[in-house]
A.B. asks: 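Quick one: structure below, then a few questions.
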Protein chains: 2
Amino acid sequence: MCGIVAYVGHREAAPLVLKGLKRLEYRGYDSSGIALLNGDGLKVYKKKGKVADLEGILHDKVLHATVGIGHTRWATHGEPNDVNAHPHQSNGHRLAIIHNGIIENYNTIKQSLINKGYTFQSQTDTEVLVNFIEEIQKSKNCGTPEAVRIALQEVVGAYAIVVMDAENPDQLVAARKGSPLVIGIGENEYFFASDATPIIEYTKDVVYLDDLEVAVVNKDGLNITNLENVKKDPFIQKVELELEAIEKGGFDHFMLKEIFEQPKSIADCLRGRLLPEEALIQLGGIHNNLSKLAKAKRIVFVACGTSWHAGLVGEYLFEELARINVEVEYASEFRYRNPIIKEGDFIIAISQSGETADTMAALELAKSKGAIILGVCNVVGSSISRITDEGVYTHAGPEIGVASTKAFTAQVTVLTLMALATAKAKGTITDDVFRRIIFELDAIPAKVAEILKKSEEIKDISKLFTFAQNFIFLGRGLNFPVALEGALKLKEISYIHAEGYPAAEMKHGPIALIDEDMPVVFIATKDSSYEKVVSNIQEVKARKGRVIAIVSEGDVDVKKMVDFAIEIPNTHEILQPLLTAIPLQLLSYYIAVLRGRNVDQPRNLAKSVTVE
Amino acid sequence: MCGIVAYVGHREAAPLVLKGLKRLEYRGYDSSGIALLNGDGLKVYKKKGKVADLEGILHDKVLHATVGIGHTRWATHGEPNDVNAHPHQSNGHRLAIIHNGIIENYNTIKQSLINKGYTFQSQTDTEVLVNFIEEIQKSKNCGTPEAVRIALQEVVGAYAIVVMDAENPDQLVAARKGSPLVIGIGENEYFFASDATPIIEYTKDVVYLDDLEVAVVNKDGLNITNLENVKKDPFIQKVELELEAIEKGGFDHFMLKEIFEQPKSIADCLRGRLLPEEALIQLGGIHNNLSKLAKAKRIVFVACGTSWHAGLVGEYLFEELARINVEVEYASEFRYRNPIIKEGDFIIAISQSGETADTMAALELAKSKGAIILGVCNVVGSSISRITDEGVYTHAGPEIGVASTKAFTAQVTVLTLMALATAKAKGTITDDVFRRIIFELDAIPAKVAEILKKSEEIKDISKLFTFAQNFIFLGRGLNFPVALEGALKLKEISYIHAEGYPAAEMKHGPIALIDEDMPVVFIATKDSSYEKVVSNIQEVKARKGRVIAIVSEGDVDVKKMVDFAIEIPNTHEILQPLLTAIPLQLLSYYIAVLRGRNVDQPRNLAKSVTVE
């Protein structure tokens, strides 16, 4: 994520950029910064925290400038602090850059720059990129636009960047690949931003930069080329959206936006880690512990809420693939239970915020008992990521909706990568199966996008269940935790009493609840327990329950039995939770909206539970 | 349990006894038998199965007799088969006995009889008793009544017995300790039975025999003495109850009867195993594996439904007391998951019926992988008890109500004994703590009886929640599984959507459900998480939830906060589930009855789930 804003023209740049950053704070808010260019040269101000914290250090500064770039950060490389905040400057102090995205091969480039004498203040990939551009500028003796083009040809990763050049104070150079960038076109003035919100009060004319395009603005106007310097004609559009809608990317709620971001957030999570062509998984975050993990006698996941459900998926993954005994503990229970920790045990905390109080306390206890502790967090530099020995970030970007969606699928993605890497290191998976799974994993983002196309169909089903009083969600194996998560979503945002169960447990009690008023959601995809789930569906239908089933593409049997079937693409069995979770998120969302609930801020709930 | 019937008089004994046995089948139905005395001598017929199966082998027999004794069995010693069925005969064929109860020191007596040349056909304690009486008769040269009195002075255990003597065909000798026995008094005829149901169509005049009393009937009438032969005056009462009510022991439903049986069923479960004065726990059922269990790296409980909840309590007990890692698996999930079984792992199945299909299949899988498998079952000789290496029976007697109550507390009792014995063998418990816990465990039946006295109070609370649509049950630590079980009970018999959660997890989602319409049951007894639970109660009260709390005697803080508080006696923290479960059973029962539900046979549910 991260939000970027830039301006060149005739207005005061500083207030304009700061106002724009505030509009973009939904994209990240762990630190922010601004670079201004005027007669006195290039000046950079950065501060950990919200944009308001940045303003706090600017009140006594002379900020006059008509060129400025600004950034509000969601950390991916390096913890959130003043130094790691953007903009970053080159060693020669000629260039400043703001960047949204991840440069995957930054470490290789960094080494070659260090060999040439470059030094680095921060741990960021971004500082590497700006120095790389400066190095090309010097070695090729070329202008900034040409240096940016050459640099980006070498770069692997995703980016939206804006580069400011102290020697060309009227010029800004921007480029994108994978991360959004909008250019606003005014009267002799230009605006750049991650979305149109910082721009629309000045101009409605915008150009959406395409992947692998470089834009240069200066007194000659706007010039767009590709990385090979072939000129492209800018396509100018009118922005018609309301402010609020734009912040939500055109979606009614952050939750829906985040559901729809999942093809991207899962891809971001896989980026640089899953290398299908080399049949390789690289997890820098647990590099030092991978061989120990492969030898672990026991893994304990500690988590709360949605993250606990991700842990249950992780249990199936690690047991099945890496043949390691796994326990999944409620953090709140684990910590008060005098847990038995033995040498070689791994405790893995899962937390979106990385601040969950019970999970933190559980980790501190485990650490004091000598366990190796790892973290799976979304927020870089969070308390849990700092206390753990190592960890893997989920890179899902900030999640604003209180009910977690993209963070869940990113957690499951990370756990899948970890289980696969562990299995590979341990030799419990054949090369053939490994290749097949990572090939399928690579295809998951596109398959999630396929499911999202069914949102209208799911919305239509939701209309029929808007006034349901209760819901039961059932699944088996890897899809049992997804059933729990589906029930939790509905509970959280619609306040319908929904409950998840392993499908076969239903007949040991909960089946007493089944009658014609009880909707039952079955995850009944084609997998090793398909036939058993079919029997369970028949048991519910025999008691007149109304059944919605998530089925595999091409399913015949279940579709004949149930009231509603939602088809999803086929994938490898162990990857199914990444797909089956999506229709359940949409179902909950639409039911809650139809009930008139405040989906993004459901009653009684807080996004990050930092109390016990 | 077991049901006994006997007759001496002028009628045909066989049809009368068989009819009586059918009335008593609720007390046990794994095998039955009858002994008849006439001119041809003493004849015994026995058959595995229901009383109807016994009738099947009698149709071509000459059954004329005016003295008869009969028995329908609920196995405790020895599997249910023809040989182990009652009546049992003495080696000299002079005596036949029917017995309800357990002779704890039968093995010692058996050895001394074997030394004297006695042989035994069955594995029962009962056959030992009848030969012991015969041996005394011979050695002391006394009559049957005197021999019975002397024998019973040596016996440790519980019993209701009737003894038939081939040399005194008009005489029957009966005695009781701990097990019920009713004597019906007619015109020159006498009836004996476990309850009055087999008697009331012939006479309403009955005597309830007291503990340690011996009754002799013959042509001189009824003579009652104590074991020291001091004469007692029989107190004759009129039976006023309806047939159906008597089968249910005066309770409206089997479920309520079984709830109220818990002081006895827990005591039965402890009998001969818990020896507080010697500070000893003896579990013959796992004698061969106890030292291995103490060295176990991992225990996995496999179970379904209520038994799964007992397993969760077992997890806390074994981890806390014996410091062994425990996992609790849904049997249905375990078996389809390619579980990781290592050498020295113990798999312990928990099942009331011992026939649960998923649990059986899980055990077979574990056994095929070389695990040591143990069983905790209620039904002796059931499939699970036969497939396991060893096991401990719960001795709760037959459970007729579909919603399990006394079987649950008996399972928890057995698991407590097993965890304590393992901890003792492993040395993870100090003698002092061990003594303290077994002293407290010994007091549990009386404390359960104390709680049952509050049934009217709980009924009054139930009236206010009869029409609730939903319920949440919350607890922490050992009381978290009790909360799950409390929710399951309500769900099963009232069809109210009730759900259990660990109390601290509430704020990670379920708290969204809380409003003034949501009753929340908290288990908030004084234990190590009391303060935390108090905070959780405040969180619910702040959202206007209506709270019923189970609190410890003398509680002040919680009582001030909540809408209703039910006080229960104090006990050692690890024994709390045996007490906290009781008020939740009563709450569910009364709410279901007030809603007009068929409590004993709730819709859609079967008592023993023998399908997958």
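Every chain is numbered from 1 and lettered A, B, ... according to where its sequence line falls, protein lines coming before strand lines. Not measured: the values here are computed from a predicted model.
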A.B. asks: Which of the residues B/R298, B/E319, B/E333 is involved in the greatest number of heavy-atom pairs with chain A at under 4.5 angstrom?
C.D. replies: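 Winner by heavy-atom pair count: B/E333.
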A.B. asks: Pairs of donor and acceptor atoms involving the side chains of residues 494-503 of chain B, under 3.5 Å and at least two apart or interchain, shall be tabulated with distances.
C.D. replies:
residue : atom : partner : partner atom : Å
B/S494  : OG   : B/L490  : O            : 2.5
B/S494  : OG   : B/I496  : N            : 3.0
B/Y495  : OH   : B/R603  : N            : 2.8
B/H497  : ND1  : A/N470  : OD1          : 2.7
B/H497  : ND1  : A/H497  : O            : 3.3
B/H497  : NE2  : A/E499  : OE1          : 2.9
B/E499  : OE1  : A/K491  : NZ           : 2.8
B/E499  : OE1  : A/H497  : NE2          : 2.9
B/E499  : OE2  : A/K491  : NZ           : 3.0
B/Y501  : OH   : A/K491  : NZ           : 3.1

A.B. asks: Out of B/A403, B/S529, B/A331, B/P510, which one racks up the most heavy-atom pairs below 4.5 Å with chain A?
C.D. replies: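 Of the candidates given, the most pairs with chain A belong to B/P510.
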A.B. asks: Is atom CD of A/E516 surrounded by more than 12 heavy atoms (other residues, nucleotides or ligands) closer than 6.0 Å?
C.D. replies: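 Result for CD/A/E516: enclosed.
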A.B. asks: Determine, stepwise, if the pair A/D358 / B/K532 fulfils salt bridge (charged side-chain N to carboxylate O under 4.0 Å, His left out).
C.D. replies: CA-CA 12 Å; A/D358 279 324; B/K532 303 285 170 185; over 6 Å; no
A.B. asks: Between B/Q469, B/K342, B/R323, who has the most heavy-atom pairs with chain A when the cutoff is under 4.5 Å?
C.D. replies: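 Looking at each option in turn, the highest pair count goes to B/R323.
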A.B. asks: Check whether more than 12 heavy atoms from other residues, nucleotides or ligands sit under 6.0 Å from atom NZ of B/K369, and answer yes or no.
C.D. replies: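 Yes, the 6.0 Å shell around NZ holds more than 12 heavy atoms from other groups.
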A.B. asks: Is it the backbone or the side chain of B/K489 that comes under 4.5 Å from a heavy atom of chain A, or both, or neither?
C.D. replies: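 Neither the backbone nor the side chain of B/K489 comes within 4.5 Å of chain A.
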A.B. asks: With sequence neighbours excluded, what pairs up with B/Y330 under the ring pair (Phe, Tyr, Trp, His ring centres under 6.0 Å) test?
C.D. replies: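 B/Y330 satisfies ring pair (Phe, Tyr, Trp, His ring centres under 6.0 Å) with A/F480, B/W308 only.
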A.B. asks: So, for B/R337 and A/E315, which heavy atoms are closest and what is the spacing to 0.1 Å?
C.D. replies: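 Minimum heavy-atom contact is NH2-OE2, 2.9 Å.
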A.B. asks: Atom OG1 in A/T428, atom CD1 in B/I340: separation rounded to 0.5 Å?
C.D. replies: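 A/T428 atom OG1 to B/I340 atom CD1 measures 9.0 Å (nearest 0.5 Å).
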A.B. asks: Specify which of B/I472, B/I324, B/T306, B/D515 makes the most heavy-atom pairs with chain A at under 4.5 Å.
C.D. replies: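 Ranked by heavy-atom pairs under 4.5 Å with chain A, first place is B/D515.
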A.B. asks: Step through the shown structure and confirm whether more than 12 heavy atoms of other residues, nucleotides or ligands are within 6.0 Å of CD on A/E329.
C.D. replies: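 It does: A/E329 CD has more than 12 such atoms within range.
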A.B. asks: Determine the minimum heavy-atom distance between A/N604 and B/I514, stating which atoms define it.
C.D. replies: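 Closest heavy-atom pair between A/N604 and B/I514: ND2-O, 3.3 Å.
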A.B. asks: Could you tell me which portion of B/I493 (side chain, backbone, both or neither) has an atom closer than 4.5 angstrom to a non-hydrogen atom of chain A?
C.D. replies: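 It is neither, since no heavy atom gets under 4.5 Å.
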A.B. asks: Heavy atoms only, distances under 4.5 angstrom: which of B/S528, B/A512, B/A542 has the most pairs with chain A? Name it, please.
C.D. replies: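 Of the candidates given, the most pairs with chain A belong to B/A512.
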A.B. asks: Heavy-atom distance under 4.5 Å to chain A: side chain of B/L488, backbone, both or neither?
C.D. replies: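 Just the side chain, heavy atoms under 4.5 Å.
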A.B. asks: What are the two closest heavy atoms between A/V326 and B/E327, and how far apart are they?
C.D. replies: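 Nearest heavy atoms, A/V326 then B/E327: O-OE1, 3.6 Å.
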A.B. asks: Within a radius of less than 6.0 Å around NZ of B/K297, do more than 12 heavy atoms belonging to other residues, nucleotides or ligands occur?
C.D. replies: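 At most 12 heavy atoms, drawn from other residues, nucleotides or ligands, come within 6.0 Å of this atom.
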A.B. asks: Sort out for me which of B/S404, B/P339, B/A487, B/G509 touches chain A most, counting heavy-atom pairs under 4.5 Å.
C.D. replies: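 Between B/S404, B/P339, B/A487, B/G509, the count favours B/G509.
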A.B. asks: Would you check if the side chain of A/E505 reaches a backbone N or O of B/G305 as a donor-acceptor pair within less than 3.5 Å?
C.D. replies: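 Flag set: sc A/E505 to bb B/G305 pair under 3.5 Å.
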A.B. asks: Rounded to the nearest 0.5 Å, how far does CG of B/L605 lie from NE2 of A/H508?
C.D. replies: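 Going from the NE2 atom of A/H508 to the CG atom of B/L605 covers 10.5 Å.
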